[in-house]
Amino acid sequence: MFYLYAYCLFSKIMTRLKMQNKWSTKLGVAIIFWVFSVQFISAHNVKSPTALSITEGSGDHNKREETDIEIENEDPEDLEVFRPTDKWQTLKPGHAVPAGSHVRLNLQTGHREVKMGEEEGLKYRKDGNGQGMVNVQGPSFTAEELKKALKNFKQGMDDPVDTKQEDDAVRAQFRPIEELKKDMEALNMLVETDVQVMMKLLNQFNNTNSTTNEKVKALLDLEYLVHQVDNAQNLVSMGGMQLVINALNSTDIRLQESAAFVLGSAVSSNPSVQVEAVEGGALQKLLILLATQRPMAVKKKALFAVASLLRLFPFAQSHFLKLGGVQMLSELFQTPGAEALRVRIITVLYDMITEKELISQVGMDLIPDSSHQERLRQYAEVALLPVLVEQGWCKLVPELLSSPEHDWREKALRTLLAMMAQCHTQYKQNPSLTVSLSELHEQYQELVLTEQDVGEQDGYFGEILALVDSMVVKMRQV
Ligand SMILES: *[C@@H]1O[C@H](CO)[C@@H](O)[C@H](O)[C@H]1NC(C)=O
Ligand SMILES: *[C@@H]1O[C@H](CO)[C@@H](O)[C@H](O)[C@H]1NC(C)=O
Ligand SMILES: *[C@@H]1O[C@H](CO)[C@@H](O)[C@H](O)[C@H]1NC(C)=O
């Protein structure tokens, strides 16, 4: 009996815009290269699971899922050699895959899919000094060759005395197992490296002997790594999240700033890490950074972290309201010297308003399931708009219209419209808002003409003009 060991070699080749350190070169966009090599070795009646790591590059973030897929025992004679084309095709259990093909796991169907490879051999970034790409040339086979080799190999193994020659023939065609093992090791190194590196950084950060500079450096390196969803989750499981949260109220402002930065990146689009951070008390500490005298750099990072914590997380939003977060943001908005943060503050509020609106709209054309009901219930507890009115935002948001930045004005207009129902009366009683709107109307009418001159019909200025006019119309309504 022979068993087919399909050694799956893969690597997600990623590039990052930001190359800060030597680990960074192996991270980046989610392009998946799957390269399968097949190797036949003899074994006895034991089921031999083959560890197959599945990597999925999802659109928003780099989520990695690892699955063990057991390749069933098959008589090689029964193995069909798969003929990949340039289209993705579903791979049936027991299909042999010629080297050089791309194999991916369709996470929706759970089936493996194969297509013809465009790249030759295995490409991955090698760790170390992080430079360059290693291209291991794998032999390419036609389906026929593979079938023949299988057959030869089986015959050879049936007759152990006379195996040498066939074996060599097979070895000539198939990559030696040692080579495959080396590739696997290189791969495992890659997979493990992030965890190892994070461990080292956490130790450096947690070591009382480290200087502040070393600690800050460790945090910044961590920040880079936790953009990846699984790294952020590992940060939690390694106990690093709590260390980072504790550093938010460290006595050193540089540590406060870097810790807020790490936290914000770790919780971005990462619901399970958001939960951990809120439960670890991150929100209170961040709000203290926002509410007390700190350098702008610290406040900026703290605001970033707050925004990431609140995004699509109604539990954190209710918590934020209870902790007086809106009031703290109002005060920060009006702090002299904090003008640069104003648009970010408005964005946090605007995102919360529209999130809640969107979720109730989505509910109308969905069959409501229990998780949707739960989300609706959670958002229902976030009574943001009344608090915004109470904290003076009907008057604060219009102030942003005097900014020279188009995108600040745009954000202000969208927020004003989102608060229309609650702020209508106050808007009408605000003469400077009326003046601002009519000035903006004139200005953008002219800008729209310049847009049209260059052939742009639905340009950005046209969009802003539509927002201005919508404000004017809605304010006139009773
Ligand atoms: C800090 O340094 C001292 C003296 O060099 C050493 O004895 C101690 O083990 C170090 N502590 C840590 C946590 O590395
Ligand atoms: C940080 O150091 C303390 C002792 O200095 C230790 O008890 C703790 O486990 C360390 N935390 C992590 C996450 O390494
Ligand atoms: C930070 O806050 C925790 C409790 O929230 C407190 O125990 C700790 O002493 C504070 N650290 C500093 C440096 O103030």
Side-chain angles (χ1 to χ4, degrees), residues 20-23 191-268 270 272-310 313 315-329 331-332:
Q20 298 179 330
N21 58 51
K22 64 176 179 170
W23 302 289
V191 171
E192 285 171 16
T193 301
D194 280 3
V195 172
Q196 289 165 349
V197 168
M198 285 172 63
M199 196 72 87
K200 240 175 64 188
L201 292 172
L202 282 178
N203 284 339
Q204 183 180 339
F205 175 67
N206 196 27
N207 190 331
T208 42
N209 288 349
S210 295
T211 63
T212 302
N213 268 345
E214 285 167 341
K215 289 183 178 183
V216 168
K217 172 83 170 59
L219 284 177
L220 293 181
D221 287 345
L222 272 176
E223 189 279 327
Y224 180 76
L225 288 166
V226 298
H227 282 268
Q228 257 189 296
V229 167
D230 45 359
N231 282 345
Q233 279 155 2
N234 286 334
L235 180 72
V236 173
S237 54
M238 288 166 159
M241 175 58 88
Q242 201 57 53
L243 289 182
V244 169
I245 292 173
N246 293 347
L248 289 173
N249 70 331
S250 121
T251 47
D252 191 289
I253 50 166
R254 289 191 308 154
L255 289 178
Q256 295 168 4
E257 180 189 347
S258 323
F261 193 24
V262 176
L263 190 85
S265 298
V267 299
S268 287
N270 205 333
S272 66
V273 180
Q274 276 178 320
V275 172
E276 295 287 341
V278 169
E279 287 183 347
L283 204 47
Q284 291 93 316
K285 294 195 174 185
L286 289 170
L287 290 178
I288 289 170
L289 292 183
L290 290 178
T292 50
Q293 188 105 34
R294 309 280 152 156
M296 266 314 122
V298 175
K299 293 199 186 252
K300 198 168 148 186
K301 290 293 193 292
L303 191 57
F304 160 66
V306 167
S308 307
L309 261 185
L310 298 183
F313 190 17
F315 174 75
Q317 294 177 12
S318 316
H319 207 48
F320 171 80
L321 291 182
K322 285 186 196 123
L323 291 168
V326 174
Q327 187 182 349
M328 288 174 199
L329 291 188
E331 282 161 15
L332 185 57

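Computed over heavy atoms, backbone and side chain alike; hydrogens, waters and symmetry mates excluded. Remember, it's 1-based here, ligands and their atoms both numbered in the order they're listed. Counting begins at 1 with the first residue of the sequence.
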- Starting from atom 3 (C) of ligand 1, locate the nearest protein heavy atom and write down its residue, its atom name and how far away it is, to 0.1 Å. N209 ND2, 3.5 Å
- Taking atom 2 (O) of ligand 3 as the reference point, the nearest protein heavy atom with its distance: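 Here the nearest protein heavy atom works out to N249 ND2, 2.2 Å.
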Note, [X] side chain near [Y] side chain (heavy atom, < 4.5 Å):
X    : Y    : answer
E331 : L290 : no
L255 : F205 : yes
L263 : L286 : yes
E257 : K300 : no
L222 : N231 : no

Output yes when a protein non-hydrogen atom is found under 4.0 Å of [atom], and no otherwise.
atom                    : answer
atom 14 (O) of ligand 2 : yes
atom 7 (O) of ligand 1  : no
atom 11 (N) of ligand 1 : yes

- Could you tell me whether K285 approaches ligand 3 through its side chain, its backbone, both or neither, with non-hydrogen atoms closer than 4.0 Å? side chain
- Quick one: which ligand 2 atoms are inside 4.0 Å of a heavy atom on M238? 13 (C)
- Proximal atoms of ligand 2 relative to N206 (non-hydrogen, under 4.0 Å): 1 (C), 2 (O), 3 (C), 8 (C), 10 (C), 11 (N), 12 (C), 14 (O)
- Task: Have a look at ligand 2 and work out which part of Q242, if any, has a heavy atom under 4.0 Å from it: side chain, backbone, both or neither.
- Result: neither
- Quick one: look at L243 and ligand 2, take heavy-atom pairs under 4.0 Å, and tell me if it's side chain, backbone, both or neither.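 For L243, only side-chain atoms sit under 4.0 Å from ligand 2.
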- Message: Out of the candidates K301, K285, R294, only one should pair with Q256 under the side-chain hydrogen bond (donor to acceptor under 3.5 Å, both in side chains) rule; please name it.
- Response: R294
- Message: Classify the ring geometry of H319 against F315: parallel below 30°, tilted from 30° to 60°, perpendicular beyond 60°.
- Response: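 Geometry flag for F315 against H319: parallel rings.
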- With a 3.5 Å cut-off and no angle check, do the side chains of S265 and E223 form a donor-acceptor pair? yes
- Item | T208 N/O under 3.5 Å from ligand 1 N/O |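 So ligand 1 has no N or O lying under 3.5 Å from an N or O of T208.
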